[in-house]
There are 2 protein chains.
Amino acid sequence: MAGEPRSKDLGKDLGKSGQLDFPRPLTTVDVVIFTISGDSLQVLLVQRPADEGEPFPQAWALPGGFVDVAKDRDLAACAARKLREKTGVTSPYLEQLGSWGSATRDPRGWSATHAYFALIPDDAGTLASDARWCPIQGGRLKDKLAFDHGDILATAIQRLRNKVEYTSLPAYLMPAEFTLPDLQRVYEIVLDRPLEKSAFRTRILSADMIEAVAKMRRGPNRPAQLYRLKKGREPVYFVRTFNPPE
Amino acid sequence: MAGEPRSKDLGKDLGKSGQLDFPRPLTTVDVVIFTISGDSLQVLLVQRPADEGEPFPQAWALPGGFVDVAKDRDLAACAARKLREKTGVTSPYLEQLGSWGSATRDPRGWSATHAYFALIPDDAGTLASDARWCPIQGGRLKDKLAFDHGDILATAIQRLRNKVEYTSLPAYLMPAEFTLPDLQRVYEIVLDRPLEKSAFRTRILSADMIEAVAKMRRGPNRPAQLYRLKKGREPVYFVRTFNPPE
DNA sequence: TAAGTAAGTTGGACTGTACAACTAACTATG
DNA sequence: CATAGTTAGTTGTACAGTCCAACTTACTTA
């Protein structure tokens with residue numbers, strides 16, 4: 001089943017209605033990969049080839065590329081492959097973000113991309129040589145990106161912030177062991193506003209999503225309890241948001 | 001720009017890297033169109049052609065079809081076109097649901113569909129002759145659908161229910177004028193559980209999403225105030241969910 | 001030993017839902 | 001014409017969870 005139909009064969013042997021003879025849009029998958037590092041949210045970007053035949057030569061872009069109908073069983077597998085190729089990470093939080101398709105987003109013709117978004121811990125995996133972490137300042141990236149990747153990234157940031165208000169998603173950005181203040185800091189970085197300590201603790205602890213390990217993080221002050229994510233790692237949905245800023 | 005590249009031309013004149021010579025997946029758009037009618041949630045289905053050359057002949061399916069790179073500027077326009085062709089409705093609530101793509105979902109080859117979901121009032125538009133409203137009983141449809149449309153529909157129902165917990169989406173299912181008990185009934189139909197009257201009223205009225213019209217709905221009992229949606233019809237997000245069932 | 005700092009707790013004010021009983025406005029019926 | 005029935009809409013108490021702020025705890029460093 002893989003490998004055909006080749007585009008040149010179209011319309012010869014398939015479909016009496018002739019519908020398959022329609023020109024087909026280009027189909028790609030892009031992945032917005034987030035991590036937290038150095039007190040800011042970071043996104044993984046790759047630089048496009050310098051070759052003049054390529055669109056947006058040398059511009060920064062989201063990792064992604066064409067669906068390989070021979071290799072990729074489905075879209076999620078394709079996204080997981082892109083993620084693995086760039087970071088070495090194999091089992092992160094990966095969800096579909098949406099799709100962007102239009103006549104004009106790619107100079108090569110009508111194209112549609114399926115965008116995914118992934119959360120990985122700072123220390124996970126090893127970066128590909130053409131990939132770089134770029135910090136997100138004030139909810140935006142400084143540079144312009146190739147294609148409509150700026151729009152896709154903006155949507156991803158909005159989705160992440162939105163979900164962080166009422167889910168346990170930031171847990172997937174944490175290393176294997178972390179403290180409650182660590183976790184709160186990550187929430188605050190993503191939301192870009194301070195949260196109430198006592199309400200935060202109550203909420204997280206009553207959500208039954210993390211468990212204490214028999215260790216403390218020691219430092220120059222009172223030691224903090226270490227926790228880890230519980231198995232069966234479905235994200236938790238809270239019934240209230242944190243009190244939103246006016 | 002429209003009309004090319006034809007699939008047969010591929011690889012002749014585009015891209016030195018040869019990447020464009022990859023076989024391209026089929027690209028379609030499908031729309032899950034919901035309404036409320038007769039005390040139940042309904043979804044619009046169309047029957048596939050009887051022609052044996054077609055996949056799933058005569059099976060029921062979501063309205064949709066191939067992206068027409070000549071007609072459709074982008075995916076949302078394509079979805080709006082499908083919606084218009086089947087219902088005559090032009091400005092409903094329309095949001096992207098996600099995309100489904102795999103080697104096996106369409107017997108004709110690797111294919112990806114971009115799914116949208118729409119909410120329209122019961123009385124809006126006029127149905128195409130091959131389209132039918134089908135009730136959703138207990139969160140499911142009785143019949144099996146063509147392709148993976150059963151999965152897509154299940155996702156749409158889940159998304160709708162999820163959002164109804166904390167947004168004003170059901171407002172888009174209402175006719176031009178409606179009462180608060182009408183609206184509450186629609187919430188209850190979608191959620192399939194009763195809601196608290198006083199909390200419901202407080203929430204909706206303080207959300208500043210509807211305005212009273214100078215009319216009452218009269219019936220065999222106490223008349224009810226009629227309301228309409230306010231202009232600037234962005235959906236409202238509530239900071240709490242309704243109290244979820246256990 | 002005292003000062004400094006971050007972890008973690010406690011308590012009162014406030015917001016909005018849950019639950020239940022209530023009042024209001026109409027029709028239908030004897 | 002009074003009364004029962006029905007649905008619209010309000011009110012009041014209990015409760016859950018956040019907000020805000022002050023507090024205690026446990027450690028390091030000077």
Side-chain angles (χ1 to χ4, degrees), chain A residues 39 164-168 170 174 177-189 191 193-228 236-246, chain B residues 39 164-168 170 174-175 177-189 191-228 236-246:
Chain A
D39 278 339
V164 165
E165 291 284 356
Y166 61 94
T167 72
S168 62
M174 306 306 290
E177 297 186 347
F178 55 88
T179 67
L180 277 178
D182 287 347
L183 184 57
Q184 183 174 348
R185 228 162 280 131
V186 169
Y187 270 85
E188 290 173 341
I189 288 168
L191 294 177
R193 71 170 197 270
L195 295 180
E196 217 30 63
K197 184 167 51 165
S198 61
F200 181 82
R201 297 176 67 92
T202 313
R203 173 184 289 209
I204 298 296
L205 290 174
S206 64
D208 193 43
M209 52 183 267
I210 60 178
E211 55 193 1
V213 299
K215 271 188 287 183
M216 306 292 275
R217 153 111 27 102
R218 317 199 131 261
N221 40 36
R222 178 172 175 173
Q225 179 64 56
L226 281 164
Y227 293 89
R228 64 165 166 245
V236 175
Y237 287 73
F238 306 118
V239 298
R240 290 194 197 180
T241 62
F242 290 106
N243 208 39
E246 289 326 281
Chain B
D39 278 338
V164 165
E165 291 282 356
Y166 62 94
T167 72
S168 62
M174 307 305 291
E177 298 184 348
F178 54 89
T179 68
L180 277 178
D182 286 348
L183 184 59
Q184 184 174 347
R185 228 161 281 130
V186 169
Y187 269 85
E188 290 173 342
I189 288 168
L191 294 176
D192 198 25
R193 70 170 198 268
L195 296 180
E196 219 26 66
K197 183 167 52 164
S198 61
F200 181 82
R201 299 177 66 91
T202 311
R203 172 185 290 211
I204 298 294
L205 290 175
S206 65
D208 192 43
M209 51 182 269
I210 60 178
E211 54 194 0
V213 299
K215 272 189 287 185
M216 308 291 277
R217 152 111 28 105
R218 319 199 128 262
N221 39 35
R222 178 172 174 173
Q225 179 64 54
L226 281 165
Y227 293 88
R228 65 167 166 243
V236 175
Y237 286 74
F238 306 118
V239 297
R240 289 195 198 178
T241 62
F242 290 107
N243 208 37
E246 293 329 278

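Below, chain A is the first sequence line, B the second, and so on; all start at residue 1. All of these numbers come straight from a predicted model, not from anything done at the bench.
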Closest approach to the side chain of Glu196(A), judged atom by atom: which nucleotide of dG9(D), dT18(D), dC20(D) is it? dC20(D)
Find the distance Leu183(A):CG to dA7(C):P and express it as a whole number of Å. 13 Å
Sequence neighbours excluded, every pair satisfying ring-ring contact (aromatic ring centres under 6.0 Å, His included) that has a member inside residues 197-216 of chain B: Tyr187(B)-Phe200(B)
In whole angstrom, give the distance that lies between atom CD of Gln225(A) and atom P of dA7(C). 13 Å
Rounded to whole Å, how long is the line connecting atom CE of Met216(B) with atom P of dT27(C)? 12 Å
Expressed as a whole number of angstroms, how long is the span from Tyr227(B):OH to dA8(D):P? 12 Å
Spacing of Leu195(B) atom CG relative to dT17(C) atom P, expressed in whole Å: 11 Å
Who passes side chain to side chain contact (heavy atoms under 4.5 Å, CB included) against Ala212(B), sequence neighbours left out? Gln225(B), Tyr227(B)
Just to verify, what does Thr202(A) make a side chain to side chain contact (heavy atoms under 4.5 Å, CB included) with, not counting sequence neighbours? none
Asp39(B): what forms a salt bridge (Lys or Arg N to Asp or Glu O under 4.0 Å) with it, not counting sequence neighbours? none
Take atom CD of Glu165(B) and atom C1' of dT17(C), then tell me their distance rounded to the nearest Å. 13 Å
Run the side-chain donor-acceptor check on residues 214-223 of chain B: report pairs under 3.5 Å with partners two or more places apart or on a different chain.
from	atom 1	to	atom 2	distance (Å)
Lys215(B)	NZ	Glu177(B)	OE1	3.2
Arg217(B)	NH1	Asp182(B)	OD2	3.1
Arg217(B)	NH2	Asp182(B)	OD2	3.1

Measure all distances between protein nitrogen or oxygen atoms and nitrogen or oxygen atoms of nucleotides 21-25 of chain C, and list the pairs falling under 3.5 Å.
from	atom 1	to	atom 2	distance (Å)
dA24(C)	O4'	Arg222(B)	NH1	3.3
dA24(C)	N3	Arg222(B)	NH1	3.3
dA25(C)	N3	Arg222(B)	N	3.3

Whichever of Pro220(A) and Arg185(A) has its nearest DNA chain C nucleotide further upstream toward 5': Pro220(A)
I need the minimum non-hydrogen distance between Tyr166(B) and Arg203(B), along with the two atoms involved. CA-NH1, 4.5 Å
If you find the nucleotide of DNA chain C closest to Ser198(B) and the one closest to Leu226(A), which residue's nucleotide is nearer the 5' end? Leu226(A)
Let's go through Val236(B) and Asp208(B) carefully: what are the C-alpha distance in whole Å and the side-chain angles of both, what is the deciding distance for side chain to side chain contact (heavy atoms under 4.5 Å, CB included) to 0.1 Å, and is it a yes or a no? CA-CA 9 Å; Val236(B) 175; Asp208(B) 192 43; over 6 Å; no
Shorter than 3.5 Å, N or O on both sides, protein versus nucleotides 12-15 of chain C: list them out with atom names.
from	atom 1	to	atom 2	distance (Å)
dT15(C)	O2	Arg240(B)	NH2	3.3

With respect to the side chain of Ala199(A), which nucleotide from dA7(C), dT18(D), dG9(D) is positioned closest? dT18(D)
Rounded interatomic separation in angstrom, taking CZ from Arg201(B) and P from dA18(C): 16 Å
Under the rule for side-chain hydrogen bond (donor to acceptor under 3.5 Å, both in side chains), what residues qualify as partners of Glu196(A), not counting sequence neighbours? none
Separation of dT10(C) atom C1' from Phe200(A) atom CZ, nearest Å, is 19 Å
Between Arg193(B) and Glu165(B), does any side-chain N to carboxylate O distance fall below 4.0 Å? yes
Quick check on dT17(C): is either OP1 or OP2 less than 4.0 Å from any side-chain nitrogen or oxygen of Arg203(B)? yes
